[in-house]
Each structure stands twice: as structure tokens, then as C-alpha cells.
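Right, one structure below, let's go through it.
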Amino acid sequence: MDLLEFWKDIENAETIGITGHTRPDGDCVGSCLGMYSYILNRYNKKADVFLEEMLSKFSFLKGSEDVITDYPDRDSYDVFIAIDSGDLERTGKAQKYFTAAKKTYCFDHHGTNTGYADQNMIVPSAAAAAELLTYIFDEDYIDLDTANALYVGFVHDTGVFKHSNTTRKTMEIAGMLLDKGVQPSKIIDGTFYEKTYIQNQVLGRCLMESILLMEGKVIISYISADVQKLYGITSSDMSGIIDQLRITKGVEVAILLKESKKREWFISMRSNNIVDVSKICVMFGGGGHLRAAGCTMYGSVHDCVNSLTKEIEKQLK
Ligand code: AMP
Ligand code: MN
Ligand code: MN
């Protein structure tokens, strides 16, 4: 990507749109609002941020109140930016702005990224899309609002700086963000560890119903659409469950199946040391990273798990 051109385009644009991906996670929200805050601080321009939902735990972030969740019709944007989304499909309803925009940019850290924008910056070694943004931001213009948003992205995609994507560089940049005034424990407890009573109940239920396969190398659990309805939960209420499954002693791969509608499953996969889960998820139309990936599958739990374990077996051989 020609970064000079990017910043020139931002400087000249009258309208700028930003989006992340469907079922937004902490990195998606943090990196989109980080870009929003940076553009506001550096260029005194208010970009439109489109996200499917704005989770209340992130509402302390600057710009969260301006996030647009209903995707109204708009004149085509001068510049439209996708962040943390590996393919156009995953930008969800924002696709219409993206395809109509005069110039599109994509900033992402998924190795499976399809390069769908006019200009793409894909850095798989970046622990989070938020980390990638720090490579292109001028540190002098990172204010506390920008730093808070980016820090959220770091915390969520690294599982509080413990996943294998965390590097020395990650920690050093996170340190720079602390210098800007970020208060880590507030953000980490408030957005990552804190769970509602219902979220804890669902976590407990998933662990109770989990099953070990392949001599304990694989653990699976699932949540049907009916159970989600019973508890009144959405996808974001289930974040963290997959991480608890993954740290089961002896397990190499954890799989969580979340039924979105009858016989349609959002699959989350995690691995510990050996299996490339992104490779498997790509086979089923999804994507992700070496140790954390996802896809959508159809059929019974049994069918989905069978197809996935076949591929895991091949890699473990
Ligand atoms: P999740 O299990 O939803 O936390 O996702 C793990 C990783 O895989 C994240 O980096 C996601 O962006 C990516 N991912 C999840 N689902 C999909 C999908 N359907 N297509 C592409 N990438 C995905
Ligand atoms: Mn994400
Ligand atoms: Mn990410």
C-alpha cells in the first residue's frame, strides 16, 4: 500500500467511511474507533463508523455514540476503509458502501485476506489490526482516545497478551499506549474478564456438555439456537468459551459450534501447538489465523465435527 497516498486521500476526502466485520469483536471495535479517533485528532474530520452492533462494554470509547448500526443509504464515500475483515463478505451490510466508494482501503492482519480493496495492507505478523494501525499512525498524534481504542484491540486479540501472536513488538507498542495514559486494569477487567451472570451460566453449560475426541486431542462443544434463545444471548456473549475449552489439559484443538439458524453453525476453532486451524477454516469458506480461525458450516453437529476432525487428523499425522 502507498501510505502517502492513503493519508493524502484522507486529507482530501469530504466523506470517509470505516467498517470492521460482522459479529464485531474487541479488535474490530477498537481498531475501527482507533482509526476514527486518529483521523479526528490528526485531520479534524469525523468519519462514519459502521458496525453491526455497539456492545455496551465498549461504550467508554470515543466515537462509540456515533457508531452507525442501521446502515442507511448514503451517497458514495470518497474513501471507505475496512479494518480486521479478511474478505468482503465479512464486512456484512457495509458491502454496499464499500463497492460504491470512490476509493477503498483495507487494513488487516488475517493471513487469509483476499485483497479485496483498491489498496490493501495485510500484516499477518501483527497480533491485532490495532497493532497494524500503530505502524501507520504518527505517534505524536495518538491521543488518549486513540490509545484506549487501540489498547482494546490488543487486549482482545491477544487474550490479554498471552496468545502466541503476542510479540516483543506487541508489548513495546502496548507500553507506548500506556504512556499515552491508558489504564490497563480498567480496560482488561471491564471489557475482557467481566462476565454477566448469564454469560457465566452459558460458559458452565458449554463446559459441562463438552466432549473429548481423538484420544483427548480435540474438544468440542456446541450451543443450539434454541439454547441461545432460552438465555437471550448473542454471539458476543459466548466470547471466551472457546479459550476455556482450549486450555483443557492434553487438548490440541478446541471447536465451538454456535447455531445461528437451523442447521447453520458459526464455528470457532483454536489450536495450541501443531494444527493450522486457518487452513481448515479456509476449506469451509472461512478464515483466520494459524491458532484462531472460524467459518460457517451447515448440517448436524455430528456432520460438522466429522468434517473438521478429518482435516485435523490429516495434520496430526
Ligand atoms: P472467532 O472464533 O469468531 O473469535 O474467530 C477467530 C478468528 O477467525 C478471528 O480472527 C476471525 O476474524 C476469524 N474468523 C472467524 N469466523 C470467520 C469466517 N466465517 N470467515 C473468516 N474469518 C473468520
Ligand atoms: Mn476481529
Ligand atoms: Mn483482529
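Only a predicted model underlies this, so the values are computations on that prediction, with no experimental measurement involved. Just so you know, ligand 1 is whichever comes first in the structure, and atom 1 is the first atom listed for that ligand.
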> With a 4.0 Å cut-off, would you call Asp78 and Lys102 a salt bridge?
Replying inline: yes
>> Heavy atoms only, cut-off 4.0 Å: how does Arg23 contact ligand 1, side chain, backbone, both, or neither?
In response: neither
> Salt bridge or not for Lys96 and Asp73, using N-O below 4.0 Å?
Replying inline: yes
>> Are any of the N/O atoms on Asp25, whether in the backbone or the side chain, positioned under 3.5 angstrom from an N/O atom of ligand 1?
In response: no
> Which atoms of ligand 1 are found less than 4.0 Å from any heavy atom of Ala292?
Replying inline: 6 (C), 7 (C), 8 (O)
>> Please report whether the ring centroid of Tyr105 lies less than 6.0 Å from that of Trp7.
In response: no
> What atoms in ligand 1 come closer than 4.0 Å to a heavy atom of Gly288?
Replying inline: 8 (O), 13 (C), 22 (N)
> By number and element, which atoms of ligand 1 are closer than 4.0 Å to a non-hydrogen atom of Gly286?
Replying inline: 18 (C), 20 (N), 21 (C)
>> To the closest 0.5 Å, what do you measure between OG (Ser221) and CZ (Arg205)?
In response: 9.5 Å
> Purely on distance, is any nitrogen or oxygen of Arg90 under 3.5 Å from one on ligand 1?
Replying inline: yes
>> The criterion is salt bridge (charged side-chain N to carboxylate O under 4.0 Å, His left out); which residues satisfy it with Lys46, sequence neighbours excluded?
In response: Asp66
> Among the clusters formed by ILVMFWY side chains lying less than 4.5 Å apart, do Ile81 and Tyr116 turn up in the same one?
Replying inline: no
>> So, of the N/O/S atoms that His21 has, which is the nearest one to the Mn ion (ligand 2)?
In response: NE2
>> Quick test of your reading of the model: are Glu172 and Arg168 salt-bridged, counting only N-O distances below 4.0 Å?
In response: yes
> Are Glu11 and Lys8 within salt-bridge range, i.e. N to O under 4.0 Å?
Replying inline: no
> Less than 3.5 Å between some nitrogen or oxygen of Lys258 and one of ligand 1, yes or no?
Replying inline: no
>> Under a 4.0 angstrom heavy-atom cut-off, which atoms of ligand 1 come close to His289?
In response: 10 (O)
> Is Ile83 linked to Ile173 within one hydrophobic cluster, defined over Ile, Leu, Val, Met, Phe, Trp and Tyr using a side-chain heavy-atom separation of less than 4.5 Å?
Replying inline: yes
>> Whether Glu252 and Arg270 form a salt bridge (side-chain N of Lys/Arg under 4.0 Å from carboxylate O of Asp/Glu) is what I want to check.
In response: no
>> Tell me whether the rings of His156 and Phe58 are parallel (<30°), tilted (30 to 60°) or perpendicular (>60°).
In response: perpendicular
>> Heavy-atom distances under 4.0 Å decide this one: backbone, side chain, both or neither, for Ser268 against ligand 1?
In response: both
> Is Gly294 in polar range of ligand 1, meaning some N or O pair under 3.5 Å apart?
Replying inline: yes
>> Looking at ligand 1, is there an atom of it that comes within less than 4.0 Å of some heavy atom belonging to Arg270?
In response: yes
> So which heavy atom in the protein is nearest atom 19 (N) of ligand 1, and how far is it from that ligand atom?
Replying inline: Cys295 CA, 3.5 Å
> By residue and atom, what protein N/O/S atoms are less than 2.8 Å from the Mn ion (ligand 3)?
Replying inline: Asp27 OD2, Asp84 OD1, His109 NE2, Asp157 OD2
> Which ligand 1 atoms does His110 reach within 4.0 Å, using its non-hydrogen atoms?
Replying inline: 9 (C), 10 (O), 11 (C), 12 (O)
>> When you compare ligand 1 with Gly287, is there at least one nitrogen or oxygen pair between them that comes in under 3.5 angstrom?
In response: yes
> Hey, mind stepping through Glu264 and Lys258 against salt bridge (charged side-chain N to carboxylate O under 4.0 Å, His left out) and telling me if it holds?
Replying inline: CA-CA 8 Å; Glu264 180 186 281; Lys258 299 164 272 186; over 6 Å; no
>> Checking Asp84 against Arg90 for the salt bridge (charged side-chain N to carboxylate O under 4.0 Å, His left out) test, could you report, in this order, the C-alpha distance in whole Å, the side-chain angles of both residues, the deciding distance, and whether it holds?
In response: CA-CA 9 Å; Asp84 198 37; Arg90 253 173 87 72; over 6 Å; no
